[in-house]
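Worksheet: the structure to be examined is printed underneath.
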Protein chains: 2
Amino acid sequence: MESRIERLCIERRLKMTGQRRIIARVLSEATDHPDVEELYRRASALDARISIATVYRTVRLLEEKGILERRDFGGGRARYEATAHGHHYHLIDVDSGRVIEFADPDLETMLHALASRLGFDLVSMRLELFGRRARVRDERASAGDAAPPVQAPR
Amino acid sequence: MESRIERLCIERRLKMTGQRRIIARVLSEATDHPDVEELYRRASALDARISIATVYRTVRLLEEKGILERRDFGGGRARYEATAHGHHYHLIDVDSGRVIEFADPDLETMLHALASRLGFDLVSMRLELFGRRARVRDERASAGDAAPPVQAPR
DNA sequence: ATAGGTGCAAAGCATTTGCCGCGGT
DNA sequence: ACCGCGGCAAATGCTTTGCACCTAT
């Protein structure tokens, strides 16, 4: 009954209002990386008396509390996902906008080594790969991550 | 007399106005990663009759032409640098805001391999490391392959 | 009871754009 | 001469905030 994220909120003693409960549920059920407007849409479908300002405020709060992570895949809007247990990275399909998650311990190691070679302790990083499906056999991308195609940085 | 970037503009047959010449010069002389406001400040110092809208338009044009690259180091404003010959990445010192550039062919290789393992051709990527100066014990005096052009804190 | 949350609309920021006179080529 | 450019201010698009009311604890 209680969503995973609601539980996390309670642990951190956040006041659980109706709106937050809804938003927590939407977030808990998301398997993609929705932006605020999309979260607002989904939350509104469950309970119409939520304003987008509240979504912004909630998402910000949860990020500060470490429950959510903000992503920037280009396109000017922040996108969110629940903090995962393992580190992972994102590859964005530039044609479909779809986001593929992947982990790679070797990469992790390499980046830490790299930073330390430069005289730094790695605090955090931002890594996004932009790719195009390698020629396989015509395969239509069906809206995995409801997002328009993305323009990759040069 | 003619700045490096002005030359590139001429090669691409861009109309060289007084404003563009100034902006091209500012960009040619920059060794850091200025944002638009900073570019505007520097350009204004050379010639006061430049508007910030022109800086935005020019920077955008030059990016489309492949002469400039847009970066996002967080903080909400885009930052720019002249397109370099070799690929390089950025490490941001979280305490000072300083940006350290570095190259790493192994990393390059690894990322391409990674994408292709996922079934994608790597089109581009975004990678920024955020680090804190390490408390050193075994100082391998001034990091091996790093190019240390640096920029002022925000 | 009361600290903090919410809705609404207005404000903020970085960036873009419409209009129109001006300046390269 | 022509087409594109630059200045200005207004418009955008995402996000934050001030204010007055409301609600979990």
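Chain letters run A, B, ... following the sequence lines, proteins first and then strands; every chain starts at 1. If you're wondering where the values come from, they're calculated on a predicted model, not measured in any experiment.
- Between A/Glu64 atom CD and D/dT15 atom P the separation is 15 Å, expressed in whole Å.
- Between A/Arg49 and A/Asp47 a salt bridge is recorded (basic side-chain N to carboxylate O distance below 4.0 Å).
- The base of D/dG7 sits with one of its N or O atoms less than 3.5 Å from a complementary donor or acceptor on the side chain of B/Arg57.
- One atom, CZ of B/Arg20, and another, P of D/dC5, lie 4 Å apart when rounded to the nearest Å.
- One interatomic measurement links the two molecules: CZ of B/Arg13 to P of C/dT25, which rounds to 12 Å at whole-angstrom precision.
- An OP1 or OP2 oxygen of D/dT16 is reached within less than 4.0 angstrom by a side-chain nitrogen or oxygen of A/Arg60.
- For the pair B/Thr17 and D/dG6, the criterion of a side-chain N or O lying under 4.0 Å from OP1 or OP2 is met.
- Ring geometry, A/Tyr89 versus A/Phe102: the interplanar angle falls from 30° to 60°, so the pair is classed tilted.
- Distances shown here put every side-chain N or O of B/Tyr56 at or beyond 4.0 Å from the OP1 or OP2 atom of C/dT16.
- B/Ile50 comes within contact range of the sugar-phosphate backbone alone, with a heavy-atom separation under 4.0 Å but no base atom that close.
- Nucleotide D/dC5 holds its P atom 11 Å from the CG atom of B/Leu62, rounded to whole Å.
- Take the nearest nucleotide of DNA chain C for B/Ala78 and for B/Met16: the residue whose nucleotide is more 5' is B/Ala78.
- Look at A/Glu29 and A/Arg25 and you find a salt bridge, because one of the NZ, NE, NH1 or NH2 atoms lies within 4.0 Å of a carboxylate O, short of that distance.
- Contact annotation: B/Gln19 reaches the phosphate of D/dG7 (side-chain N/O to OP1 or OP2, under 4.0 Å).
- Not one side-chain nitrogen or oxygen of B/Thr54 sits closer than 4.0 Å to the OP1 or OP2 atom of D/dC5.
- Each of A/Ala53 and A/Glu37 lies near DNA chain D, and the nucleotide nearest A/Glu37 is the one positioned closer to the 5' end.
- Atom pair A/Leu61:CG and D/dT16:P shows a separation of 12 Å (rounding to whole Å applied).
- Taking the six-membered ring where the residue is Trp, B/His90 and B/Phe73 present tilted rings, their angle falling between 30° and 60°.
- Of the candidate nucleotides C/dT15, D/dG7, D/dT15, D/dT15 has the atom lying nearest to any side-chain atom of A/Val36.
- B/Asp35 and B/Arg77 are joined by a salt bridge, as a carboxylate oxygen and a charged side-chain nitrogen come within less than 4.0 angstrom of each other.
- If you measure from atom CZ of A/Arg49 to atom P of C/dT6, you get 12 Å, rounded to the nearest angstrom.
- Atom CD1 of A/Ile22 and atom P of C/dG7 are 11 Å apart (whole Å).
- The CG-C1' distance, from A/Asp72 to D/dT15, rounds to 14 Å in whole Å.
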